[in-house]
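Reading through the structure tokens given below for one structure.
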Protein chains: 2
Amino acid sequence: MPDPASPRAAADSHGVTLADVAEAARVSLATASRVFSHPQLVRESTARRVHEAAERLSFRPNLLGAKLRAQQTRILGVMLPTLENAVFAECWRGIEQAAMAEGYSLMLVTSGYEAARERERVEYLLRHRVDGLVLTVADATRSAVLDQLDAEGVPYVLAYNQAAEHGSRHSVSVDNRTSACEGVQALIAAGHRRIAVVSGAFMASDRARQRYAGYEDAMRARGLQPAPPVNLPSHIASNAIHTGARIGELMGAPDAPTAFFCTNDLLAIGLISDLKRLGLRVPRDVSVLGYDGIALGTLVEPPLATVVQPNADIGTHAVRQLLTRLHAAGERAHATITLLPHALRVTGTVAPPPKTATPLL
Amino acid sequence: MPDPASPRAAADSHGVTLADVAEAARVSLATASRVFSHPQLVRESTARRVHEAAERLSFRPNLLGAKLRAQQTRILGVMLPTLENAVFAECWRGIEQAAMAEGYSLMLVTSGYEAARERERVEYLLRHRVDGLVLTVADATRSAVLDQLDAEGVPYVLAYNQAAEHGSRHSVSVDNRTSACEGVQALIAAGHRRIAVVSGAFMASDRARQRYAGYEDAMRARGLQPAPPVNLPSHIASNAIHTGARIGELMGAPDAPTAFFCTNDLLAIGLISDLKRLGLRVPRDVSVLGYDGIALGTLVEPPLATVVQPNADIGTHAVRQLLTRLHAAGERAHATITLLPHALRVTGTVAPPPKTATPLL
DNA sequence: GTGAAAGCGCTAACAT
DNA sequence: ATGTTAGCGCTTTCAC
């Protein structure tokens with residue numbers, strides 16, 4: 001029996017098109033297509049023939065063609081500040097899982113907290129005709145990117161950024177202010193009165209500001225004087241040199257704080273090292289409370305006390321909410337602000353303040 | 001003057017095609033296209049008209065059309081085990097930077113070290129017609145995914161996996177065995193003789209095995225007896241409960257190790273916590289050496305001693321090497337195995353062993 | 001149940 | 001320098 005219908009290279013799957021499969025299966029292109037997209041519309045025996053041919057030729061559908069035709073890509077764009085902060089890496093896990101479960105692909109870009117890069121990267125995603133976006137911007141209250149997205153009517157859901165209550169933006173986050181307030185209340189409950197706040201690039205981060213506001217709430221509620229935030233140049237305290245100096249200064253003062261509230265966990269871990277280098281013991285001499293609840297915090301000893309966000313869940317919910325929006329296209333449902341539950345993990349690096357009133361340094 | 005050429009909705013950029021721009025600029029579709037792809041082929045005044053029209057209509061090129069036509073997507077697929085290990089998050093930074101610099105986009109998927117997911121995710125990327133892949137597989141010595149990729153002739157470059165010397169695979173990594181050997185030699189030089197190895201999911205990771213081999217090399221070279229590896233269930237030591245028990249057992253023995261070599265930094269950080277919980281001080285009672293050189297290691301106190309890989313560089317080089325391969329299409333250049341320089345950071349958690357010969361626990 | 005044909009947005013011959 | 005046209009791989013009316 002002579003080789004029937006031998007279309008081009010059989011080994012190289014690249015280049016095998018649905019037309020080739022159709023030809024090999026002796027059906028029309030339309031039928032071959034239906035076998036994959038609407039199997040119920042085609043006779044079972046035909047379908048089998050097509051599948052066999054596809055198998056034999058190692059056919060791999062070219063999604064580009066389908067997407068171009070369909071006018072929707074089933075790709076979601078994701079923009080996160082960085083993956084080097086575990087918060088976002090954990091969130092990515094949730095995003096990926098949710099997207100895959102719904103048959104959506106992802107394009108990821110990182111902005112490095114830079115507004116210019118935010119614009120460029122989003123434009124990039126948009127050119128790829130992503131159906132929608134999940135993103136975390138440095139500051140949602142003044143974001144060129146979000147304004148543009150709004151103007152163009154591109155569907156997006158914010159993750160971590162907590163949308164303004166009466167605005168039109170969708171977001172998934174914890175309640176930054178309330179949760180931070182509760183964290184600081186726990187510090188106060190442990191006996192602390194002089195509590196400092198350490199933050200990274202304060203003015204550039206809406207969350208940092210919201211968490212600071214929570215700190216103020218907690219302090220004021222107890223008649224305590226909030227201290228201005230200690231702003232570190234980086235979000236991830238990589239240059240411990242400068243940080244150490246700032247902290248040393250602070251701890252040398254007569255009214256040195258007995259506890260620190262850091263606006264993220266990485267900052268807290270860096271701070272703890274700085275304190276140790278200064279000869280201070282955590283939590284015996286100074287307490288430290290973080291924010292984020294990254295897994296790493298439970299790996300260090302003592303375990304990092306922190307305000308825990310459900311990071312993977314934030315990703316999962318953001319994707320689900322975006323997909324809901326996409327599928328309910330047209331219906332101008334008003335802004336959905338999802339506040340996921342936070343938790344307090346007050347152990348390890350938080351303890352009552354030392355009895356001595358004298359400065360420790 | 002009446003509104004000249006008013007094509008569809010002006011505000012919604014979605015749906016504005018190059019044809020609309022061409023019409024508005026009163027040129028042909030081809031010319032409009034050339035303005036963007038080959039500007040030198042078109043008169044400047046014409047180009048300006050087209051740009052103006054594009055601007056006015058907020059035209060955004062649909063990359064899908066271009067890609068379909070071009071038969072290459074300029075998208076690179078990236079598969080990493082997880083982003084929750086900072087090693088890969090740092091690597092991603094290098095990958096993204098290199099890809100963007102060359103005008104390539106990225107699709108990222110994570111495999112969670114699972115072979116089944118590896119296959120599924122790669123298939124996914126292939127359907128998107130990525131031009132090539134940068135990936136880290138759990139075990140390159142027996143990988144269904146790589147076999148498939150080889151069979152289909154899909155261009156890829158391994159990152160972290162160190163390709164077999166006389167094989168046909170391209171890889172970018174450090175020399176795992178040699179670098180691990182040097183790390184352990186440093187431990188020996190510090191005076192340690194009883195050195196244990198802690199590894200995650202040993203048999204599933206080629207790198208863990210190579211690093212263990214390096215440990216054996218170092219031990220044997222000094223006439224010391226290598227101990228079998230302590231295999232932890234996870235790569236990222238999340239369940240400190242079991243780990244702690246194993247370690248306690250080990251440290252209670254009369255010939256307890258005085259130093260540990262961990263096959264990655266996260267494991268090392270978890271181990272240090274376990275040791276502290278056992279009442280042991282690091283490095284005074286026990287020394288710990290990690291492997292990876294993640295930024296986090298420098299944030300803890302004492303700073304983690306470790307074998308440093310240039311993580312971002314690994315990503316950058318992998319991308320560049322892949323692009324070189326893609327551009328040199330056809331020429332069957334033989335396998336390029338890039339070994340990037342590693343470094344030793346032997347401070348902080350490594351010190352000479354304690355003088356006492358009696359068990360510490 | 002199946003086939004023929006149009007078209008998604010773009011680029012690149014090929015003409016002029 | 002610019003226009004005409006074909007076609008990338010796929011899905012989907014619309015006929016039959």
Side-chain angles (χ1 to χ4, degrees), chain A residues 7-8 12-51 53-54 57-75 126-131, chain B residues 7-8 12-51 53-54 57-75 103 105 126-131:
Chain A
R8 21 198 124 168
D12 190 5
S13 77
H14 206 78
V16 177
T17 98
L18 192 54
D20 298 329
V21 174
E23 186 187 335
R26 311 190 146 279
V27 297
S28 76
L29 175 56
T31 301
S33 171
R34 277 189 279 255
V35 167
F36 296 104
S37 330
H38 304 287
Q40 73 283 12
L41 294 182
V42 67
R43 191 186 298 151
E44 197 169 327
S45 60
T46 318
R48 203 166 36 242
R49 274 211 332 280
V50 172
H51 275 124
L57 303 181
S58 20
F59 166 67
R60 175 154 30 225
N62 183 339
L63 262 27
L64 251 36
K67 287 172 189 315
L68 179 58
R69 165 71 213 227
Q71 292 294 82
Q72 62 146 326
T73 55
R74 291 183 80 84
I75 299 180
L126 258 20
R127 291 187 175 199
H128 280 287
R129 288 299 188 271
V130 295
D131 291 342
Chain B
R8 16 201 127 166
D12 190 3
S13 77
H14 205 79
V16 177
T17 99
L18 193 53
D20 298 329
V21 175
E23 187 187 335
R26 311 191 147 278
V27 296
S28 75
L29 175 55
T31 301
S33 172
R34 276 188 282 255
V35 168
F36 296 104
S37 330
H38 304 286
Q40 72 282 13
L41 293 183
V42 63
R43 192 187 298 151
E44 196 168 327
S45 61
T46 317
R48 202 167 35 244
R49 276 213 329 281
V50 171
H51 275 125
L57 303 180
S58 19
F59 166 67
R60 173 152 34 226
N62 183 340
L63 263 25
L64 250 37
K67 288 173 189 312
L68 178 58
R69 164 72 213 226
Q71 291 294 82
Q72 61 144 328
T73 55
R74 292 185 78 86
I75 299 181
S105 323
L126 259 20
R127 289 186 177 202
H128 280 286
R129 289 296 187 271
V130 295
D131 290 342

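Numbered from 1 within each chain, the chains take letters A, B, ... in sequence-line order.
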In whole angstrom, what separates [X]'s [atom1] from [N]'s [atom2]?
{"X": "A:R69", "N": "D:dT11", "atom1": "CZ", "atom2": "C1'", "result": "4 Å"}
{"X": "A:R74", "N": "D:dT11", "atom1": "CZ", "atom2": "P", "result": "13 Å"}
{"X": "A:L63", "N": "D:dG9", "atom1": "CG", "atom2": "P", "result": "14 Å"}
{"X": "A:K67", "N": "C:dG9", "atom1": "NZ", "atom2": "C1'", "result": "16 Å"}
{"X": "B:L64", "N": "C:dT11", "atom1": "CG", "atom2": "C1'", "result": "14 Å"}
{"X": "B:L68", "N": "C:dG7", "atom1": "CG", "atom2": "P", "result": "17 Å"}
{"X": "A:R48", "N": "C:dG1", "atom1": "CZ", "atom2": "C1'", "result": "15 Å"}
{"X": "B:R60", "N": "C:dC10", "atom1": "CZ", "atom2": "P", "result": "12 Å"}

Could you work out, with side-chain contact (heavy atoms from CB on, under 4.5 Å) as the rule, every residue matching A:S28, not counting sequence neighbours? A:A30, A:T31
Below 3.5 Å between N/O atoms, which protein atoms pair up with nucleotides 1-3 of chain D? Just atom names and distances, please.
{"unit_1": "D:dT2", "atom_1": "OP1", "unit_2": "B:T46", "atom_2": "OG1", "d": "2.5"}
{"unit_1": "D:dT2", "atom_1": "OP2", "unit_2": "B:R43", "atom_2": "N", "d": "2.8"}
{"unit_1": "D:dT2", "atom_1": "OP2", "unit_2": "B:T46", "atom_2": "OG1", "d": "3.2"}
{"unit_1": "D:dG3", "atom_1": "OP2", "unit_2": "B:S28", "atom_2": "N", "d": "2.7"}
{"unit_1": "D:dG3", "atom_1": "OP2", "unit_2": "B:S28", "atom_2": "OG", "d": "3.0"}
{"unit_1": "D:dG3", "atom_1": "OP2", "unit_2": "B:T31", "atom_2": "OG1", "d": "2.7"}
{"unit_1": "D:dG3", "atom_1": "N7", "unit_2": "B:R34", "atom_2": "NH2", "d": "2.7"}
{"unit_1": "D:dG3", "atom_1": "O6", "unit_2": "B:R34", "atom_2": "NH1", "d": "3.1"}

Are the side chains of B:T17 and B:V21 in touch, meaning some heavy atoms are under 4.5 Å apart?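 Result no, sub-4.5 Å side-chain heavy-atom pair not found.
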Among D:dT11, C:dG9, C:dT11, which is the nearest nucleotide to the side chain of A:L18? D:dT11
Of all the nucleotides listed (C:dC8, C:dA12, C:dC10), which has the minimum atom distance to the side chain of B:H38? C:dA12
Using only atom types and a distance under 3.5 Å, with no angle test, would you say the side chain of A:T73 pairs donor to acceptor with the backbone of A:K67? no
Touch check for A:S33, heavy atoms < 4.0 angstrom, all strands: base, sugar-phosphate only, or nothing?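 Base contact.
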Side chain to side chain contact (heavy atoms under 4.5 Å, CB included) between A:L18 and A:S33, worked out: CA-CA 7 Å; A:L18 192 54; A:S33 171; 3.7 Å; yes
Side chains of A:H128 and B:S105: do they bring a donor and an acceptor to under 3.5 Å? yes
Throw together a table of side-chain donor-acceptor distances under 3.5 angstrom for residues 38-50 of chain B, partners on residues two or more places apart or in other chains.
{"unit_1": "B:R49", "atom_1": "NE", "unit_2": "B:A25", "atom_2": "O", "d": "3.1"}
{"unit_1": "B:R49", "atom_1": "NH2", "unit_2": "B:A25", "atom_2": "O", "d": "3.0"}

Over 60° means perpendicular and under 30° means parallel, so tell me whether B:F36 and B:F59 are parallel, tilted or perpendicular.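 Geometry flag for B:F59 against B:F36: tilted rings.
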Any B:Q71 side-chain nitrogen or oxygen under 4.0 Å from OP1 or OP2 of D:dG9: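 Answer yes for this pair, as a side-chain N or O of B:Q71 is under 4.0 Å from OP1 or OP2.
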